[in-house]
Structures are given as C-alpha cells and as structure tokens.
Amino acid sequence: MSVLTTKQIMEIIPHRQPFLLIDTVEELEPGVRAAAKKCVSYNEPYFGGHFPGEPVMPGVLIIEALAQTGAVAILCTEENRGKTAYFAGINSAKFRQKVVPGDVLILETEIIRKKGPLGVGKAAARVGDKIVCTAELTFAIG
C-alpha cells in the first residue's frame, strides 16, 4: 500500500507529465526521508531517442527522480508547503547498471543536512536488490 498516490505527489511538488518521474511514495518521514517507486514503461517519451533499438533510461532522469523523491520529503513539512525545491548541486553521482523498460525503480532520498533554505540529500536508486545509482543532491527551497 502506497503512502502517497500520483495525485497526492502532484499536490506537493510542481512536476507534471511528462516530467513527473515518480509514480507513488512508499515510505515517508516528513523533512527526513522518502522512498518512491517508478515503473519504467517502454512508452516513456525519451526511449524513442535514447537509444533506438536499445532503450535505456538516461542517468540524469534517474537523478531527477531521486531529487523529486527528496523534494516530496522536504516539501511536505508545514514550513515548506507550497514552496519549490531547486537543484543547487549534484555530487558523487555514480551509475552502476542500466535501467530499461519493465524495471521497477525504487528511489530513496534521505535529508542529511539542512541550514536555512539549503539542504543536502543522500540518494540511492535500485532495481530489485541491485543499486543502479547513488548521489548526493544539494537543494535550495524557493
């Protein structure tokens, strides 16, 4: 059972199709962490050109999905409700495995530092038991 549906996610973050990259939130500790799910479909608009004959989810979109997961965690708190979380930096991003149509991407972002409107999230994406991406994401609340 999901904690947040797509509709509820859209009430927290401003992203919409085709750029909303999380389907459901499975775990949520407001202001602390969130875990989300993305069912990767062959119908994703980027697969037409990335890559013809061998569809692979772009790494930057995996990072974006992790950022959206963190944004849900930080923006569902009362003091940040209605605000936007902007990227301020991406550090130590590593891609370990391809993400392809049919994969279920599990996205986890934990807020590890906050100071004023800035914060840092430790993020990891996996398919099954395999880590496909890790990164440290810096955000600014606007």
Is any side-chain heavy atom of [Y] closer than 4.5 Å to one of [X]?
| X | Y | result |
| --- | --- | --- |
| Ile12 | Leu4 | yes |
| Val100 | Phe47 | no |
| Leu75 | Ile141 | yes |
| Leu20 | Ile13 | yes |

Verify the cluster assignment for [X] and [Y]: are they in a single hydrophobic cluster under the rule of side-chain heavy atoms below 4.5 Å apart?
| X | Y | value |
| --- | --- | --- |
| Val72 | Phe87 | yes |
| Val40 | Val25 | yes |
| Val56 | Tyr46 | no |
| Leu21 | Val104 | no |

Inter-residue atom distance [X].[atom1] - [Y].[atom2], 0.5 Å rounding:
| X | Y | atom1 | atom2 | result |
| --- | --- | --- | --- | --- |
| Glu26 | Leu107 | CD | CG | 10.5 Å |
| Leu137 | Glu110 | CG | CD | 12.5 Å |
| Ile74 | Phe139 | CD1 | CZ | 4.0 Å |
| His15 | Ile9 | NE2 | CD1 | 11.5 Å |
| Glu44 | Leu61 | CD | CG | 9.0 Å |
| Thr138 | Arg113 | OG1 | CZ | 7.0 Å |

Taking all non-hydrogen atoms of both residues into account, name the closest pair between [X] and [Y] and its distance.
| X | Y | result |
| --- | --- | --- |
| Leu28 | Ala73 | CD1-CA, 3.9 Å |
| Ala65 | Ile22 | O-CG2, 3.7 Å |
| Leu105 | Ala125 | CD1-CB, 4.1 Å |
| Val3 | Gln8 | O-OE1, 3.9 Å |
| Ile131 | Ala124 | CD1-CB, 4.4 Å |
| Thr77 | Pro30 | CG2-C, 3.8 Å |

**Report entry** Side-chain (Thr109) to main-chain (Leu66) donor-acceptor, under 3.5 angstrom
**Finding:**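 Side chain of Thr109 to backbone of Leu66: a pair is present.
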
Query raised in the report: Under 3.5 Å, side chain of Asn91 to main-chain N/O of Glu136, donor-acceptor pair present?
Result: no

Requested in this report: Applying side-chain contact (heavy atoms from CB on, under 4.5 Å), name anything that partners Glu27, two or more places apart in sequence or on another chain.
Outcome: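 Checked Glu27 against side-chain contact (heavy atoms from CB on, under 4.5 Å); matches are Arg33, Ala35.
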
Query - Sole residue of Lys38, Lys37, Arg126 in salt bridge (charged side-chain N to carboxylate O under 4.0 Å, His left out) with Glu108 - result: Arg126

